[in-house]
Each structure stands twice: as structure tokens, then as C-alpha cells.
Number of protein chains: 2
Amino acid sequence: MDYQNYVQMLKAMADPNRLKIIDLLSCGSLCACDILQHFDFSQPTLSHHMKVLQNAGIVFTVKDGKWQHYSLQKRFVQEFKQNTDQLLAADEHCLCQRSDCEKDVAN
Amino acid sequence: MDYQNYVQMLKAMADPNRLKIIDLLSCGSLCACDILQHFDFSQPTLSHHMKVLQNAGIVFTVKDGKWQHYSLQKRFVQEFKQNTDQLLAADEHCLCQRSDCEKDVAN
DNA sequence: CCATTACATAGACGATCATCTATGTATAGT
DNA sequence: ACTATACATAGATGATCGTCTATGTAATGG
């Protein structure tokens with residue numbers, strides 16, 4: 001399993017404000033000024049959070065005149081669920097390499 | 001949606017070493033010394049990581065003589081998947097409260 | 001052209017984090 | 001009793017993080 005990308009997604013999600021942004025975007029595209037209205041922090045702080053989300057591959061942006069429209073990356077939604085299922089699956093191949101490993105015995 | 005608990009899980013998972021620990025435990029119970037063999041960091045560092053995972057409700061521990069056996073909380077596995085699905089679901093009720101919200105229109 | 005709006009960037013600051021060494025505390029074996 | 005093993009705790013340190021103010025930039029409207 002490729003932890004690197006998954007960890008980057010998890011890090012980007014592991015902030016209550018960014019999690020709320022993802023929740024907001026899960027219902028469709030929004031521009032920065034619309035998102036900002038739901039928070040108490042400053043505009044540069046939002047700009048910072050959006051960059052973190054972009055770098056993690058969670059959102060993408062389309063420029064439209066003065067506005068930046070942010071949307072969730074469908075690839076992120078898919079990959080995050082997939083990685084989560086793989087991590088927490090009970091029948092995944094075990095890393096522990098012990099002869100008495102419960103998981104390997106189960107396979 | 002209760003972000004608080006979900007964020008705590010995400011924060012605990014958002015570290016490559018702790019993610020690997022979760023992966024290791026997904027195949028069954030392990031004691032600290034077994035887990036430690038898979039890493040380069042020191043024993044106190046592992047102890048710290050295990051505490052973070054416990055505080056997030058991700059692992060629980062059973063003492064057996066000198067050993068501490070760590071296991072994944074089944075409740076965590078269930079709740080994390082559930083929260084993830086809820087967050088990323090396309091048909092979840094929207095927070096944006098805009099009259100032209102794509103999600104609300106879809107409902 | 002000038003003011004306004006919608007953002008991004010730079011730099012600073014306090015808080016949190018991952019890691020370490022040193023040390024403490026049980027438990028087990030001899 | 002003594003030693004070794006398995007783990008936890010304390011405290012320090014450097015790095016990262018979330019936020020801020022100040023400023024820059026690009027687009028729009030009169």
C-alpha cells in the first residue's frame with residue numbers, strides 16, 4: 001500500500017476547518033468568498049487551507065474572472081475510500097510476518 | 001456531523017508511522033515489542049504513538065504479565081468508515097445553504 | 001484611470017508535534 | 001536479591017502547523 005499519498009490526504013483532512021470545507025464542497029462547487037462566509041478566520045488563512053487541500057489532491061480550482069471556483073476531486077473521493085477500505089480490511093495481507101499471524105492463518 | 005471525534009481519528013492516522021501501526025494491527029493483536037521491530041525509532045517514541053492511538057479510540061490494550069497487547073477497536077473501524085462515507089457522500093444534506101445549491105436541487 | 005473586489009504571497013508568531021535521552025516501574029527468571 | 005525484560009513517564013529540542021497582519025496582483029466597474 002502506498003502510504004505517502006494517503007497520509008497527505010489524511011493530514012489535509014485532519015483539521016476541523018478543512019474538514020468543514022470538504023463537507024461544504026461535497027455538495028458542489030463554491031468560490032472562496034462563499035466558503036469564507038462559513039468561518040471566522042481571515043481570508044489569507046482560507047487561502048492557505050485551500051492550497052493545502054489542492055496540494056493533497058482533494059480539491060481543484062477553475063478560474064472565472066475574479067473568482068476561483070473550488071470543487072472536490074472525484075479521484076480523491078474514490079481513492080480515499082479505497083485506501084481506507086484497504087487499510088481497515090480484515091482480510092488484507094498482513095505485514096507482521098509472524099508465523100502465528102491471525103490474518104495469515106485466516107487466509 | 002460530529003467532526004470532533006472524526007478529526008481526532010484523522011489526526012492520529014495522519015502520520016506514516018502510526019498508519020503503519022494500524023496496518024500491522026489490522027491483522028490481529030500485537031505487543032509493543034513486536035510492533036517496535038518494524039520501525040527505526042526508539043521505544044519511548046512507540047509508547048507515545050500508541051498513546052495517541054489509544055486516545056483517539058483507535059486501539060485498546062490488554063495487559064498480560066510484562067506485555068501489553070494492542071488491538072484495533074472494532075468500533076473505530078466501523079465509525080471511521082461511516083464518517084468517511086457521510087462526509088464524501090454526494091447526496092448528503094448540504095451545509096452551504098445557497099438557494100442554487102447543486103446538492104439540495106438534486107434532493 | 002481610479003477605486004473596488006477577489007484572491008495570493010510573504011513573513012512573523014505561538015502552539016502543537018515527533019523524536020530523543022534519561023529515568024522510573026513493574027514483571028519474570030535465576 | 002539480583003538482573004534482565006517490557007513498557008511508561010518526564011523533559012528537552014527542532015520541525016511543522018494554523019493563524020495573523022501587511023502587502024501584492026489581477027479583474028471589474030464607473
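Worth saying up front: this structure is predicted, and the values here are computed from it rather than measured. Numbered from 1 within each chain, the chains take letters A, B, ... in sequence-line order.
- In terms of position on DNA chain C, the residue among A:Tyr70 and B:Ser42 whose nearest nucleotide sits closer to the 5' end is A:Tyr70.
- Near-neighbour residues of DNA chain D inside residues 46-56 of chain A, defined by a heavy atom below 4.0 Å, number-ordered: A:His48, A:His49.
- Here B:Phe39 and B:His49 keep their ring centres 6.0 angstrom or further from each other.
- Counting only Watson-Crick and G-U wobble pairs whose two key distances fall under 3.5 Å, DNA chain C forms stems of three or more stacked pairs at C:1-30 with D:1-30.
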**Study point:** Protein-to-nucleotide contact annotation, 5' to 3' order, nucleotides 22-30 of chain C [B base; S sugar-phosphate only; - none; under 4.0 Å, heavy atom]
**Key:** B----BS--
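- The CD-P distance, from B:Gln68 to D:dT9, rounds to 10 Å in whole Å.
- Regarding B:Ile21, its CD1 atom lies at a distance of 11 Å from the P atom of C:dA18, rounded to whole Å.
- Atom CE of A:Met13 is separated from atom P of D:dG18 by 14 Å (rounded to the nearest Å).
- Phosphate proximity of D:dG18 to A:Thr45: absent, as no side-chain N or O sits under 4.0 Å from OP1 or OP2.
- One interatomic measurement links the two molecules: CZ of A:Arg18 to P of D:dT19, which rounds to 8 Å at whole-angstrom precision.
- Within the 4.5 Å cutoff, no side-chain heavy atoms of B:Gln68 are placed close to those of B:Cys31.
- The line from CD1 of B:Ile58 to CZ of B:Arg18 is 8.5 Å long, rounded to the nearest 0.5 Å.
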